[in-house]
2 protein chains.
Amino acid sequence: MYERLKKSLEEHVSLTNDEWELCKNSFRPKRMLKRQFLLQEGDICRELAFIEKGALYSYTVDSSGNKHVIRFAFDGWWMANLHSFFTGKPTRLNIEVLEDSELLVLDRKNHDVLLEEIPAYERYHRIIVQNAYVALQLRVENALGLTAEEKYARLIEQNPEFMNRVPLNLVASYLGMSPETLSRVRGNFGG
Amino acid sequence: MYERLKKSLEEHVSLTNDEWELCKNSFRPKRMLKRQFLLQEGDICRELAFIEKGALYSYTVDSSGNKHVIRFAFDGWWMANLHSFFTGKPTRLNIEVLEDSELLVLDRKNHDVLLEEIPAYERYHRIIVQNAYVALQLRVENALGLTAEEKYARLIEQNPEFMNRVPLNLVASYLGMSPETLSRVRGNFGG
DNA sequence: TCCTGTTCTTGACATATATCAAGAACATTT
DNA sequence: AAATGTTCTTGATATATGTCAAGAACAGGA
């Protein structure tokens, strides 16, 4: 149940056995089924979630009721709304389960304890957020001023797995275009 | 010369005098004039820059030669291309000076020393990146599926200073629209 | 104050993409 | 295997925004 988390930590830092035990015991396992919500608009995000297995995605809903996907997350990734988690303010995001999933969730109190007690955990967290920032910036670069075809081409190049694991209408939303447009673009391509 | 940096650190962590001295001495002051480049496409980003005073912006240039602004940064903010800084790969970004500026720059070696020697520095850096991530995610939320008017409205709400400090054509690029469109939207508004 | 360059506005027109609609392909449940 | 729901494709039409063009407003330097 904790293999993926352990692997993720070990990729970036080394922990003693005691540290790993403390860390491990700070998380609470949580199983979720497809279409369930980890977080809904207006909620306060009280937990960071590590995905042992499965897939989630976060999105906003606009005034016309259209979804806009912000991020997908798969096995071995983290998911949360950091803004809400750190400020305690209600979130504008929904986080929904895409495939039946096994999560490990960590509340703010335990997170803070780990940061205080285990310097390597703080380092791990710094690196994780750093990487998330880099990935998100790439997303911004790929969204600005590209045609629908170019956006699709970059997705195929950088995140080919999205096209397999995620329904087309959600990928379209992630790319900021309609499902029809993505479908047409994909046809011209041979993907 | 180091006031703003000190203030920024003190907002998030406490340092001993010795730690502050070590920190301070790791930076190199650098004055830059409007239109100079801190980084150009193809360069490797070798330094993190803290802006004591002034303003910078980062952007990509597409195949048609159009600029796409990724981010603005003002007094008290950090600017760099983290992807290039941490991987050592050439960047796709340009970072240009918007107003004559005073920077404090920190190379990778010194940054790593500070992370090792001063736990509070690592904490500071974690928090800074965390905040940058939150801000960037907000940018993504505000870019997806909004009309030109809605994007402008959110900018006025969340970053009113941009409209004063930055030429319109760059703000337009930041919002992912043409300068003409921004000009028209602004007319309808009373901004 | 004039001159030069940049920034901003406004109009006319073009186009990429959205929207609406209907059915085909596919998956899941009974 | 039938039934139900979801996902994907394709066509016709509408529209928000881009592009091109020209001049007005403004700023900084000589």
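Just so it is clear, the values below take in all heavy atoms, side chains as well, and ignore hydrogens, waters and symmetry mates. Each chain gets a letter, A, B and so on, in the order the sequences are listed, and its residues count up from 1.
One can place CG of B:Leu168 at 14 Å from P of D:dC26, the figure rounded to the nearest angstrom. Remark: C1' of D:dT9 and OH of A:Tyr152 are 14 Å apart, rounded to the nearest angstrom. Summarising the geometry, the separation between NZ on B:Lys67 and C1' on C:dT7 is reported as 13 Å, rounded to the nearest angstrom. As rounded to whole Å, 16 Å separates atom P of C:dA27 from atom CG of A:Leu98. As a whole-Å value, the separation of B:Asn164 CG from D:dA27 P is 14 Å. One can place CG of B:Leu170 at 13 Å from P of C:dT6, the figure rounded to the nearest angstrom. The interatomic distance linking B:Leu175 (CG) with D:dA16 (C1') rounds to 16 Å, in whole Å. Going from atom CG of A:Asp100 over to atom C1' of C:dA27 covers 15 Å, rounded to whole Å.
Salt bridge A:Glu96/A:Arg35: absent, no basic N to carboxylate O contact under 4.0 Å. With respect to the salt-bridge test (charged N to carboxylate O, under 4.0 angstrom), the residues B:Glu3 and B:Lys53 do not qualify. The existence of a salt bridge linking B:Glu99 and B:Arg165 is confirmed by a sub-4.0 Å separation between a basic side-chain nitrogen and an acidic carboxylate oxygen.
Partners of A:Lys7 under the side chain to side chain contact (heavy atoms under 4.5 Å, CB included) rule, at least two apart in sequence or in another chain, are A:Arg4, A:Glu11. Shown here are the side-chain hydrogen bond (donor to acceptor under 3.5 Å, both in side chains) partners of B:Gln130, two or more places apart in sequence or in another chain: B:Arg126. By the side chain to side chain contact (heavy atoms under 4.5 Å, CB included) test, A:Glu10 pairs with A:Lys6, sequence neighbours left out. Scored by the ring pair (Phe, Tyr, Trp, His ring centres under 6.0 Å) test, A:Trp20 finds no partners at all (sequence neighbours excluded).
One side chain, B:Gln158 or B:Asn142, offers a donor N or O that lies under 3.5 Å from an acceptor on the other.
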Every protein N/O lying under 3.5 Å from an N/O of nucleotides 17-24 of chain D:
{"from": "D:dT17", "atom 1": "OP1", "to": "B:Ala148", "atom 2": "N", "distance (Å)": "3.0"}
{"from": "D:dG18", "atom 1": "OP1", "to": "B:Ser178", "atom 2": "N", "distance (Å)": "3.2"}
{"from": "D:dG18", "atom 1": "OP2", "to": "B:Ser178", "atom 2": "N", "distance (Å)": "3.2"}
{"from": "D:dG18", "atom 1": "OP2", "to": "B:Ser178", "atom 2": "OG", "distance (Å)": "3.1"}
{"from": "D:dG18", "atom 1": "OP2", "to": "B:Thr181", "atom 2": "OG1", "distance (Å)": "2.3"}
{"from": "D:dT19", "atom 1": "O4", "to": "B:Arg184", "atom 2": "NH2", "distance (Å)": "3.2"}
{"from": "D:dC20", "atom 1": "N4", "to": "B:Glu180", "atom 2": "OE2", "distance (Å)": "3.0"}

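Panel note: side chain B:Ser58, backbone B:Ile95; no donor-acceptor pair is recorded below 3.5 Å.
Over its full length, the helix from C:dT1-D:dA30 to C:dT30-D:dA1 turns its helical axis through 50°, comparing axes from the five pairs at each end and rounding to 10°.
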